[in-house]
Amino acid sequence: MRIKTKTLVLPENVNWQFQQNAYTHLKTDYFCHQYYELSYISNGKGVIHLGQHSEIVTDKLMFLSPPGVAQAINLTSCRDSERLEVKKLLISSEFAKKLQAFSPEFAVLTKLFSGNLAGMLFVLDENDWCVSQFETMQRQCNGKSILCLLEILLELSQKQYKKLMAKDLDGVKKRGQCPLDNTIHYIINNFEKPLRSDELAKMAHMSTNHFHRKFKQKTDLTLVQMLNELRLERACNLLITSRLPIAVVSEQCGFSNVPYFNRRFLEKKGCQPRQFRIANTH
């Protein structure tokens, strides 16, 4: 499958915008925005892709995608009697910066707008308050809608979420700053290669044990966890966007053998790679 990328922008002089659409089936090529997109999907089943991450949707999902991260959507409605609904809050980067600087109380929004993630998946409770705010957003007048936006963002900054991998991680500085940061960038950009912890430790100018400790402190992940996360996210995309055999997908993503790849994939996705491909390509 050929992946196309298009760039969308908010209208001129618009800081943020609410959008709502209903579909029986929504399928897009890869695209990216120049703004933050907070989306709430209801009555949807299928898969969304954020950067290298692929997430199965079984009914409801709320996610935040930052500027410049490619995403693609392939969803149908769960129930024939209802349409798939997608509600979005589009927020410009400049407005996000102004919100964070407006008041000390808004500094918590840095967690949402850090710029170091490929996105966030939020854990939704039954009758979630943020969902109800989305439901009523379109009925608000301009003055009340901006307050509603702020309330949603502040609430989400306190919620449990899953952060997705990107080319940069929280706490990891740009290349050239320190050997450990440079090593982490090397791992992120070369995860499909056979990487040995002792060689990575030398690159970071540390002993192997010290490297593992510092790596976990910096990324909140062990080396094995990060490699598996990056490799499995890449595998999901290859399974859906190509017809490569499972063995080739495993090899191209950096797994040493197919049985190990199958076990790790089953742990993360709850199904075998072949089942994942069948479920998400029809």
Requested in this report: Could you walk me through whether Glu155 and Gln133 pass the side chain to side chain contact (heavy atoms under 4.5 Å, CB included) test, one step at a time?
Outcome: CA-CA 11 Å; Glu155 177 71 14; Gln133 292 299 99; over 6 Å; no
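- Rounded to the nearest 0.5 angstrom, Met62 CE and Ser39 OG are separated by 9.5 Å.
- Ring pair Phe265/Phe261 is perpendicular by interplanar angle, where above 60° counts as perpendicular and below 30° as parallel.
- Scanning both residues, Tyr36 and Leu64, for their nearest heavy atoms gives CB-CD1, 4.3 Å.
- Taking every heavy atom of both residues into account, Ile48 and Leu75 meet most closely at CG2-CD1, 4.4 Å.
- With a 4.5 Å cut-off on side-chain heavy atoms, Lys88 and Leu38 do not count as touching.
- Judged as a side chain to side chain contact (heavy atoms under 4.5 Å, CB included), and not counting sequence neighbours, the contacts of Gln100 are Ala96, Leu109, Thr110, Phe113.
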**Report entry** Verdict with supporting geometry, Glu85 and Lys87, salt bridge (Lys or Arg N to Asp or Glu O under 4.0 Å)
**Finding:** CA-CA 7 Å; Glu85 291 194 355; Lys87 298 180 176 68; 2.7 Å; yes
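- Of all the heavy atoms in Ala204 and Pro179, the pair that sits closest is O-CB, 3.6 Å.
- Contact annotation: the side chain of Glu82 never approaches that of Ser77 to less than 4.5 Å [non-hydrogen atoms, C-beta and beyond].
- Considering all non-hydrogen atoms of both residues, His185 and Asn189 come closest at O-ND2, 2.8 Å.
- Taking 4.5 Å as the limit, some side-chain heavy atom of Leu156 sits within range of a side-chain heavy atom of Cys130.
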Query - side chain to side chain contact (heavy atoms under 4.5 Å, CB included) between Arg264 and Ser250, intermediate numbers included - result: CA-CA 11 Å; Arg264 297 287 79 83; Ser250 172; over 6 Å; no
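- By the 6.0 Å contact criterion, CZ on Arg263 is enclosed, its count of non-hydrogen atoms from other residues, nucleotides or ligands being greater than 12.
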Requested in this report: Verify side chain to side chain contact (heavy atoms under 4.5 Å, CB included) between Phe276 and Gln272, making sure each step is shown before the conclusion.
Outcome: CA-CA 6 Å; Phe276 178 86; Gln272 294 290 344; over 6 Å; no
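- Taking both residues in full, the closest heavy atoms of Gly44 and Cys78 are given as O-SG, 3.2 Å, listed atom of the first, atom of the second, then distance.
- Minimum interatomic distance between Phe18 and Leu89 (heavy atoms only, all atoms of both residues): CD1-CD2, 3.8 Å.
- Atom NZ of Lys202 and atom CG of Leu200 lie 11.0 Å apart (nearest 0.5 Å).
- No single ILVMFWY cluster, assembled from side-chain heavy atoms under 4.5 Å apart, contains both Leu266 and Leu238.
- Two residues are said to be in side-chain contact when any heavy atoms from C-beta on lie closer than 4.5 Å; Ile246 and Arg277 meet this criterion.
- Residue Lys45 qualifies as open at atom NZ: its count of foreign heavy atoms under 6.0 Å is 12 or below.
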Report task. Could you check Glu94 against Ser92 for side chain to side chain donor-acceptor pair (under 3.5 Å), going step by step and ending with a plain yes or no? Result -> CA-CA 5 Å; Glu94 287 302 313; Ser92 73; over 6 Å; no
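- Of the inter-residue distances, the one linking Gln158 atom CD with Lys111 atom NZ reads 5.5 Å to the nearest 0.5 angstrom.
- Looking only at distances, no side-chain donor or acceptor of Asn190 sits under 3.5 Å from a matching main-chain atom of Lys193.
- Atom CE in Met120 sits 12.0 Å away from atom CG in Leu50 (nearest 0.5 Å).
- By the neighbour-count criterion of 12 heavy atoms within 6.0 Å, atom NZ of Lys214 is sparsely surrounded, having that number or fewer from other residues, nucleotides or ligands.
- Open room surrounds CG on Asp80; 12 or fewer heavy atoms of other groups in view lie less than 6.0 Å from it.
- Rounding to the nearest 0.5 Å places CG of Leu150 at 12.0 Å from CD of Glu105.
- Open room surrounds CD on Glu251; 12 or fewer heavy atoms of other groups in view lie less than 6.0 Å from it.
- Contact annotation: the side chain of Trp16 never approaches that of Tyr35 to less than 4.5 Å [non-hydrogen atoms, C-beta and beyond].
- Annotation: Phe63 is not in aromatic contact with Phe122 [ring centroid separation under 6.0 Å not met].
- Checking side-chain atoms of Ser157 against main-chain N and O of Leu154 turns up a donor-acceptor pair under 3.5 Å.
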Query - Worked check of side chain to side chain contact (heavy atoms under 4.5 Å, CB included) between Val57 and Ile73 - result: CA-CA 10 Å; Val57 181; Ile73 301 172; over 6 Å; no
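- Within the 4.5 Å cutoff, the side chain of Ile41 has heavy atoms near those of the Leu84 side chain.
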Requested in this report: Would you sort out whether Arg83 and Asn43 count as a side chain to side chain donor-acceptor pair (under 3.5 Å), showing the intermediate values?
Outcome: CA-CA 7 Å; Arg83 302 186 78 185; Asn43 190 37; over 6 Å; no
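- Counting heavy atoms from C-beta on, the side chains of Asp181 and Cys178 come closer than 4.5 Å.
- Inter-residue side-chain proximity for Lys60 and Val131 is flagged as unmet; no heavy-atom pair is nearer than 4.5 Å.
- Once rounded to the nearest 0.5 Å, the distance linking SG of Cys253 with CZ of Phe191 reads 6.5 Å.
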